[in-house]
Amino acid sequence: MITLKKYLKEKIYQLLKHDYPVNHSLLEMAYTPDLKMGDLALTFPFHLAKELKKKPREIAQEIVPRLSNIQGVDRAEVAGPGYINLFLNKSQFLNSRLDSLKNTSLSCEEDKIIVEHTNINPNKAAHIGHLRNAVLGDTLVRCLKFKGEKVEIQNYIDDTGVQVVDVIFGFMEIKNKNLSDIKKITGKFDYYCWDLYSSVSSYLKEHPESTERKAEILKKLEKGESPEIDIAHYISRNILRAHLKTMERIDVTYDVLPCESTIIKLKFWEKAFELLKKKNVIVYITDGVNKGCWVMKLEDAPEKEKIIVRSDGTVTYVGKDIAYQLWKFGLLKKDFYYEPFTQTNGKPIWITTEATKNNVPRFGNGSLVYNVIDTRQSYLQNIVVQGLKSLKYDAQAEKSIHFSYEMVALSLKSLKELKIQISDEDKGKNFLEVSGRKGLGIKADDLLDRLEQKAFTEVKKRNSELTKDQKIDIAHKIACGALRYFILKFTRNSLIIFDFEEALSFEGETGPYLQYTLVRIQSIFRKLKEKKISFDISPNEISFKALSQSELNDFWEIIFYASQFEEEVLHSIRSLEFSNLAKFTFILCQKFNAYYHKYSILSEKNQDLRNIRIFTIHYIQEILKRALFLMGIPQPERM
RNA sequence: GCGCCCGUAGCUCAGCUGGAUAGAGCGUCUGACUACGAAUCAGAAGGUCGCAGGUUCGAAUCCUGUCGGGCGUACCA
């Protein structure tokens, strides 16, 4: 479709350029509201009307005869007040579409793209908000790879931040546990820390004198003193493993885990600090409220200052993030060392270390960077980009993309279901933001468990002959598909107010609906094979004459729609709006299911008719498989 | 105060680089299984696209204003 549109645009341009003031963007083609009107619509007569001092319809009528000889176009028609609608040649179109299944017409534009996503603080279990981040990031990665780009997936681990300190404090002061006690904890460690973490803030409220002890832990961590540093390491690594396991459940993986602890040890910040000072991007303040700090002046508000280095000499998060962003582009002139941390599907996930190792891969040096972070961090992300710009890295600043999205909140109904007490300050709100600190949220594993459990019941109902393991496997795939589609169907700027009933639904616009559609198609092919019915699905063998006019319309509608898949992927990448892809796939499945009910295949005696129908569902199957893969929705054989 | 985002059917949301009659799912009501799998399909009811101006041949879509809601604007991350 992409190359076809491009080809048509060029042809039309060549035909008209001498006589009409047209250019390529004017010749952009739209889809008609109804295929009876034509396949593609040109709207440029409207735009030329004023300049040519003619009515749009007159212009369209003049031009239409000239377009009749374009190869691939059967005819052109004037429609409505001045549209020019093109009718494509169907068999030529089918041939070009089958070609694009074999080798995609998409191509790579970047040397290497880095996508940073997930980034969960390693101090508690992952929750529904983190799932949104991971699913969006992972879908972006899959789409970029499909486009032909080389992609590196980074998951930044803030293993020395104040959140980890809270949990260490909880263990040492509230629970009175040392490292060996902590190691004895059984059960899900991330869940244990979830409860502990949320109890720390209320404890500190009741024991304000303990705040000093917390500050002491932070200092000891920065100096690398035992036992605090060992506890921090144990907690963060253990929880990180739990997070990776959770993400593996929804088919999300990573290449490398850059750790803040390594960034500190390898003195990345010091290097960035030098650069920033040398180029006067940050200045030392000697007077006023920010006395003793290094600050960056804000571009759009010069009266404001963002503190980069605090008066006590410690660096803020933004400062570290600037250093990290510089490293991603290969601009820091410093590098990490790595060791394998774990693996998913046989593929290693590397973690940063401060010591040399042999035979390790190299990461970083991207030419384009996506940071998948929720919209609340827009302000800080802008400062990081501004930092790059001020360092005269304009090209890299341009290529630092904040993939922002809205948060996940909990409806009052969900809170009730979770038996979470609403605090006084939150009363009167319609929904509550997910918060690890407050312990407000649905743990990712809990949600996945519930989805799997429900899916298992449904599978059992329909497939009693399967073994238990098979049922578990299918239930797992359905749960993953349901979750990923549920997250993807929202646009990224839309606040998801989480509701169990909607999230747990397997009917209507859901992941399982898409999966079920594929299962149906596969089942037809399985039966064709069982019944030894042969078929030929090359478009040259297709005889349109076998089709009635109304079936030809139905056939063409579904094929033409499916063929817009690649365009849809590119559009989704450009707009970072994967709800486009989700919606496209859903509509494709709707069209298929309607087609499926209307036309039978196995019982069709007319061989030409059967062939063309098999061709149709084969093409849909190919597109659907690709679409599901890009969204990370698993493809069960049966369900 | 300033900045970003949201406001479309009873509910949850698509549609927004202007284009032909505003869509879907859920819910409600009518129908369709001795099956190419009913996790499905066919149909009905349901909308002054928050409000008011403006630009345009044409506005849910762009601009301005306004009302309502969310988030950000930390020597937290």
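Below, read A as the first sequence line, B as the second, and so on, with proteins coming before strands; counting in each chain starts at 1.
- Remark: P of B/G70 and CD of A/Glu433 are 12 Å apart, rounded to the nearest angstrom.
- The separation of B/U64 from B/U56, taken at their C1' atoms, amounts to 16 Å, rounded to a whole angstrom.
- Residue A/Val318 is classed as having no contact, given no heavy-atom separation below 4.0 Å to the nucleic acid.
- Between A/Tyr513 and A/Phe506, the ring centre distance reaches or exceeds 6.0 Å.
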Could you go through A/Glu509 and A/Lys489, starting from their C-alpha distance and side-chain angles, then the distance that decides it, and tell me whether this counts as salt bridge (Lys or Arg N to Asp or Glu O under 4.0 Å)? CA-CA 9 Å; A/Glu509 192 185 347; A/Lys489 75 174 174 181; 5.0 Å; no
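- Following rounding to the nearest Å, A/Leu451 (CG) and B/A39 (C1') show an atom-to-atom distance of 14 Å.
- In this structure, A/Ile521 places its CD1 atom 21 Å from P of B/A35, rounding to the nearest Å.
- Between B/A14 and B/C57, the distance separating the two P atoms is 33 Å to the nearest Å.
- Here the closest non-hydrogen pair linking A/Glu116 and A/Tyr156 is OE2-CB, 3.5 Å.
- Annotation: the span from A/Asn493 atom CG to A/Ser579 atom OG amounts to 10.0 Å, rounded to 0.5 Å.
- Summarising the geometry, the separation between CE on A/Met407 and P on B/C71 is reported as 5 Å, rounded to the nearest angstrom.
- OP1 or OP2 of B/A77 sits under 4.0 Å from a side-chain N or O of A/Arg310.
- If you check every strand for non-hydrogen atoms under 4.0 Å, A/Phe46 touches a base.
- Residue order along RNA chain B, read from the 5' end via each residue's closest nucleotide, puts A/His47 first among A/His47 and A/Gly288.
- Separating the CD atom of A/Gln381 from the C1' atom of B/A77 is a distance of 12 Å, rounded to the nearest angstrom.
- B/G31 and B/G15: their C1' atoms are spaced 30 Å apart (whole Å).
- Across all strands shown, A/Ala49 has no heavy atoms under 4.0 Å from either base or sugar-phosphate atoms.
- Between the CZ atom of A/Arg376 and the C1' atom of B/C76 there is a distance of 13 Å, given to the nearest Å.
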